[in-house]
Protein chains: 2
Amino acid sequence: MNKPNSAPTMKDVAREAGVALGTVSKVINGIPVGESYRLKVEEAIKKLNYRVNSYAKGLKSNRTFTIAVMVPNLISPFFSKLVNCINKSLAQRGYRMLLCATDYDPEQEQSYVIMAEQQKVDGIICLSYNPNLQVSEDVPLISIDRYFGAHIPCVASDNYGGGALAAQALVRNGCKSLAFLRVGSKLTNEPNKRRDGFINACENMAVPYMMKILDDGQPYSAFEEFLQAHMQDGKLDFDGIFCVTDLLAHQIMGSLRQMGLRIPEDVQVVGYDGIRHFGDLDYTCSTIVQPVEEMAETCVDLVLEKNEGKTPSLICLPVRYAYGGTTRS
Amino acid sequence: MNKPNSAPTMKDVAREAGVALGTVSKVINGIPVGESYRLKVEEAIKKLNYRVNSYAKGLKSNRTFTIAVMVPNLISPFFSKLVNCINKSLAQRGYRMLLCATDYDPEQEQSYVIMAEQQKVDGIICLSYNPNLQVSEDVPLISIDRYFGAHIPCVASDNYGGGALAAQALVRNGCKSLAFLRVGSKLTNEPNKRRDGFINACENMAVPYMMKILDDGQPYSAFEEFLQAHMQDGKLDFDGIFCVTDLLAHQIMGSLRQMGLRIPEDVQVVGYDGIRHFGDLDYTCSTIVQPVEEMAETCVDLVLEKNEGKTPSLICLPVRYAYGGTTRS
DNA sequence: GCCAGGATTGGAATCGTTTCCAATTGTGCA
DNA sequence: TGCACAATTGGAAACGATTCCAATCCTGGC
């Protein structure tokens, strides 16, 4: 009641309780203190409705209990699910999350890193497509799906294994000839390994395959031309398609249906990600499911524990195949 | 280079540039200062790679340039789209976003409000289903879809108009008898008005309707029983259904198809929200589209400008009907 | 050439915590 | 009863920025 228009501070609490500043600090931080003192302080805190000013705390202690999370957007179901899981994981550990949607813009990504440093967050988890992202040494950074080098841990799903799994699933369902479709990316990031796994599996099974990989700026219609080119007598050259993401799978399926093809009768399609309708209903297509929860959990573990070089710098988490109606099983 | 293991401070910059602390502060904050001084300071900043410590800044200035955003989760496409838009809007204005996913838990929601106060964020935008959320006076709060009272601005889509629009769309497409389906909620929040708008429109058009509103804990299967009860000779009593959300619409359509009904031939379905496949492909069903971008923009405007009582406390933004394949047009 | 007055800069005080050291209290033993 | 030592508390300094007032510098006029 002394200073009307201002939140109570530790000093007010100390005065109210008739104890010293340091004692109040100890009570707040759970450091043992005389029983009677603790009670007086707790009472005063309640009476004044005191709240810690975390800016003062952050300034003094250099801990913010905030992690910055950087993703391209929240529109894509995979990203939003991932962020949702990371948020939950952080909350459980008493951390806050500063969210940064970068819209794939390298400049924005860089500016968020700078912002994160300014904000003095305790760490950054980032899913970036910016190959030359400059990161300061003193902010722990965890990368998802993109390997920057041994000094920055990278968490990813087992992209190579997933690619193989997709090929195997298609063949198991009777496909005789496969196709791999991917949108363009000059980046050598982890998801590119889906192709390698796919190719390797095809060769091991001695199954013919072809690929169509769009160049960076090429429009989606290039895929339609590709499909048209491989149509003969109302049938495709291949009877199984692995699309690099569920999103692409859906676009492709739209085109296939327009061309009069039935899925999965005429051609079977497998995607990658494990997107579900409305986040948790059924799968939107047969797909390779990324272990989003585990990936999120792993990122949070890594960013908080900053385990010194103990962990490998590339962590691949296992994927699984899930039936979603666009294959025979 | 003086203090090796620690980030440079304004003091270091001042020493490096040979000027006073206050001068550095002015340069950083764009307050006019002698040309030669400004250059010296800017050079020193670059040389030392100085970054503002926003915790010190926040402590002193009581501004954080951070807004807390509270939603139940990011799994639901509507929420994630909303958060995505809010994030973009905040970033454009130089604000950061602290994200809080509450999982519908009143306790968590409350704890986030407290956290937000501690963090001394500049404001909160919240989509809460907690009827008795306690909010402090000194943190500007904007509510989405839930009206707390005249002191807290509420942003919502035109739920009443949307309900009417849904009924009109179904009738326009030839429906003779309608049904309204909603999951339970004891809360009197804005989306409840969808029902009122629907009823009013039905009565104006003299079209018969029925409703099935689940009680709070009732399982989804209650809807299936309802549908079964209204089946006669392989046909439903009604030929148009308005579901209170797109998510419910999809669940209902699943049930309808299992019962052997064709959509939209046997029964037409309209949802509410305007969810799109993968965030920006086609609509997942015929639906009433919420103006998410505008809602986000409005929230951000309100929370930042804290316009003193000038704005109405309930802001309804216009909705529109969108065809999504589950009606005739 | 000198002084008054305006315009800038310099530097101290401050924000609300944490932390550390000195001061005080209390306990136990002789 | 008195003293020494352990255990706590009290209070000051520090974190890094902002802000305000006093001190300094310049300019222009006489």
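Every chain is numbered from 1 and lettered A, B, ... according to where its sequence line falls, protein lines coming before strand lines.
Going from atom CG of B:Leu59 over to atom C1' of C:dT18 covers 12 Å, rounded to whole Å. Note: CZ (A:Arg63) to C1' (C:dG16) measures 19 Å, nearest angstrom. Straight-line distance from the CZ atom of B:Arg15 to the P atom of C:dG11: 13 Å, rounded to whole Å. With rounding to whole Å, B:Arg38 atom CZ is found 18 Å from C:dA7 atom C1'. Following rounding to the nearest Å, B:Leu48 (CG) and D:dA17 (P) show an atom-to-atom distance of 12 Å. In this structure, B:Asn29 places its CG atom 9 Å from C1' of D:dA17, rounding to the nearest Å. Atom-to-atom, CD1 of A:Ile45 to C1' of C:dG16 comes out at 14 Å; the value is rounded to the nearest Å.
Atom CG of B:Leu90 and atom CG of B:Leu304 lie 6.5 Å apart (nearest 0.5 Å). In this structure, CG in B:Leu133 is found 4.5 Å from OG in B:Ser128, a value given to the nearest 0.5 Å.
Relative to the ring axis of B:Tyr37, B:Lys40 places its NZ or CZ within 45° and under 6.0 Å from the centre.
Contact check, A:Ser25 against C:dT18: a side-chain N or O comes under 4.0 Å of OP1 or OP2. A sub-4.0 Å separation between OP1 or OP2 of C:dC15 and a side-chain N or O of A:Asn53 is absent. An OP1 or OP2 oxygen of C:dT18 is reached within less than 4.0 angstrom by a side-chain nitrogen or oxygen of A:Lys57. Residue B:Tyr55 places no side-chain N or O under 4.0 Å from the OP1 or OP2 atom of D:dT18.
A salt bridge is defined here as a Lys NZ or Arg NE, NH1 or NH2 lying under 4.0 Å from an Asp or Glu carboxylate O, and B:Arg146 with B:Glu190 fails to meet this definition.
Within the nucleic acid shown, B:Asn62 has no heavy atom closer than 4.0 Å to any nucleic acid atom.
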Sugar-phosphate atoms are those with a prime plus P, OP1 and OP2; base atoms are the rest. Using that split, label each nucleotide of nucleotides 6-13 of chain D B, S or - for protein heavy atoms under 4.0 Å, 5' to 3'.
-> ---BBB--
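Side-chain atoms of B:Gln290 and B:Asp273 form a donor-acceptor pair, as typed in the model, at a separation below 3.5 Å.
With the end axes of the helix from C:dG1-D:dC30 to C:dA30-D:dT1 each set by five pairs, the angle from one to the other reads 50° at 10° resolution.
Of the candidate nucleotides C:dT18, D:dA17, C:dG16, D:dA17 has the atom nearest to the side chain of B:Tyr50.
Between B:Leu317 and B:Thr298 there is a side-chain heavy-atom pair separated by less than 4.5 Å. A 4.5 Å side-chain heavy-atom check between B:Lys88 and A:Asp103 finds at least one atom pair inside the cut-off. Two residues are said to be in side-chain contact when any heavy atoms from C-beta on lie closer than 4.5 Å; B:Ser89 and B:Tyr95 fail this criterion.
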Could you go through the side chain to side chain contact (heavy atoms under 4.5 Å, CB included) check for B:Tyr147 and B:Ser313 one step at a time?
-> CA-CA 8 Å; B:Tyr147 186 71; B:Ser313 56; 3.3 Å; yes
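The 5' end of DNA chain C is approached more closely, in terms of each residue's nearest nucleotide, by B:Ala56 than by the other of A:Ile31 and B:Ala56.
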